[in-house]
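Both backbone and side-chain heavy atoms feed into the values below; hydrogens, waters and symmetry mates do not. Counting starts at 1 for both ligands and their atoms, in listed order.
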Amino acid sequence: MSNQAPIGFIDSGVGGLTVVKEARRQLPNETILYLGDTARCPYGPRPNEQIRQYTWEMVHFLLQKKIKMLVIACNTATAIVLEELKAKLAIPVVGVILPGSRAALKVTKNNHIGVIGTVGTVKSAAYLKALKVKSPQTVVEQLACPKFVPIVESNEYRSAIAKMLVAEGLAPMKNKQIDTLVLGCTHYPLLKPLIQNYMGESVNLIDSGAETVGEVSMLLDYFEIAAISTNKKLAHQFFTTGSPKLFREISEEWLEVEGVTVEKVYLEE
Ligand code: DGL
């Protein structure tokens, strides 16, 4: 496979764009192929078997496009399908949970870490396990925030309603004495200003997706598959199972680029 082949990113919707934004900044030679399963978002409340099936459908789609690496830019899919994908695929597979956990352990001073995520991620306790394995004395507070993903998907993440829902959703975390909060869902960084405002400046927010790009970069070097700089414009491609218009609006605003082309795809039911 050529080093110039694209890196594939998957998410249940637009959340993985928070990972793409960081990838474009840190790895400007890499071509990005992104698939968001917006039509079936959110994944968070779904049974594990369904999340597994949907994730595999996205993976099959991207494998046909000859990706050289797969980034599961979705915590819920990482929690449930990462190990299986790593075992079965011939290309490197990166999830978002371990990089997020490492970053949290690096910055916490009081070993008291909060994790917010979807119902699926919290139920899997994937962050709790990852943090405890590395640092057993760490106290971990988990909280599911199921109302956050729909605000982001509907492009209302800057609204007054968003502010209210963030405050309401985070209330149980407010007095837990945490000094670090992992944004354990790739949609949440779009709500970062509201989350920071509510939790206060003294709480470190960890963007698990952005942390993942460091790992992607390291693996590209390790497997000697990093793309080299050429004069050609990179052919990034974005696919969604939902509305290309809404996807384009959110991606252009979030990635701060114009003329993003988004194609609609249909995955098997
Ligand atoms: N962005 C995803 C995550 O990181 C999934 C959100 C959802 O579909 O519920 O967990």
Side-chain angles (χ1 to χ4, degrees), residues 8-23 34-59 70-82 85 93-101 103-104 114-128 130 142-157 162 165-166 169 181-192 195 205-213 215-216 238-243 246-247 250-251 254-255 267:
F9 293 78
I10 53 170
D11 181 45
S12 60
V14 294
L17 292 172
T18 61
V19 189
V20 165
K21 184 170 185 164
E22 195 57 29
Y34 184 97
L35 172 57
D37 193 6
T38 318
R40 301 188 290 196
C41 186
Y43 278 15
R46 294 181 186 275
N48 288 2
E49 193 41 48
Q50 202 169 42
I51 295 167
R52 193 178 154 265
Q53 182 202 326
Y54 290 178
T55 304
W56 270 106
E57 286 171 10
M58 288 199 283
V59 171
L70 173 70
V71 180
I72 311 174
C74 173
N75 289 265
T76 315
T78 299
I80 287 142
V81 209
L82 174 69
L85 288 168
V93 182
V94 187
V96 280
I97 291 177
L98 285 177
S101 307
V115 177
I116 51 172
T118 66
V119 169
T121 301
V122 167
K123 242 204 281 169
S124 77
Y127 274 102
L128 181 91
Q142 297 196 99
L143 176 67
C145 298
K147 294 197 176 146
F148 291 8
V149 169
I151 323 172
V152 173
E153 285 290 331
S154 58
N155 203 5
E156 284 171 303
Y157 60 91
L165 290 176
V166 164
L181 179 65
V182 179
L183 307 183
C185 170
T186 52
H187 282 73
Y188 297 176
L190 286 105
L191 296 163
K192 200 168 174 179
I195 295 173
L205 298 189
I206 303 294
D207 178 340
S208 59
E211 297 297 335
T212 302
V213 177
E215 184 151 322
V216 170
F238 294 85
F239 301 94
T240 176
T241 56
S243 152
L246 189 56
F247 191 97
I250 299 176
S251 51
W254 180 248
L255 300 176
L267 301 175

Put together the list of close N/O pairs, under 3.5 Å, between ligand 1 and the protein, could you?
residue	atom	partner	partner atom	Å
ligand 1	1 (N)	Asp11	OD1	2.9
ligand 1	1 (N)	Thr186	OG1	2.9
ligand 1	1 (N)	His187	ND1	2.7
ligand 1	4 (O)	Asn75	N	2.7
ligand 1	4 (O)	Asn75	ND2	3.1
ligand 1	4 (O)	Thr186	N	2.8
ligand 1	4 (O)	Thr186	OG1	3.2
ligand 1	8 (O)	Ser12	OG	2.5
ligand 1	8 (O)	Tyr43	N	2.6
ligand 1	9 (O)	Tyr43	N	3.3
ligand 1	9 (O)	Gly44	N	2.8
ligand 1	10 (O)	Asn75	N	3.4
ligand 1	10 (O)	Thr76	N	3.1
ligand 1	10 (O)	Thr76	OG1	2.7

Q) Should the pair Phe148 and Tyr188 be assigned to parallel (<30°), tilted (30 to 60°) or perpendicular (>60°) ring geometry? A) perpendicular
(Q) Could you work out, with salt bridge (charged side-chain N to carboxylate O under 4.0 Å, His left out) as the rule, every residue matching Glu22, not counting sequence neighbours? (A) Arg25
**Q.** side chain to side chain donor-acceptor pair (under 3.5 Å), paired with Tyr43, selected from Asp37, Thr118, Asn75, Thr76
**A.** Asp37
Q) Is Ser12 close to His187 at the side-chain level, that is, under 4.5 Å between some pair of heavy atoms? A) yes
(Q) Which label fits Trp254 and Tyr157: parallel for a plane angle under 30°, tilted from 30 to 60°, or perpendicular past 60°? (A) perpendicular
Q: Return the minimal non-hydrogen interatomic distance between Ala73 and Asp11, and the atom names on each side.
A: O-OD1, 3.3 Å
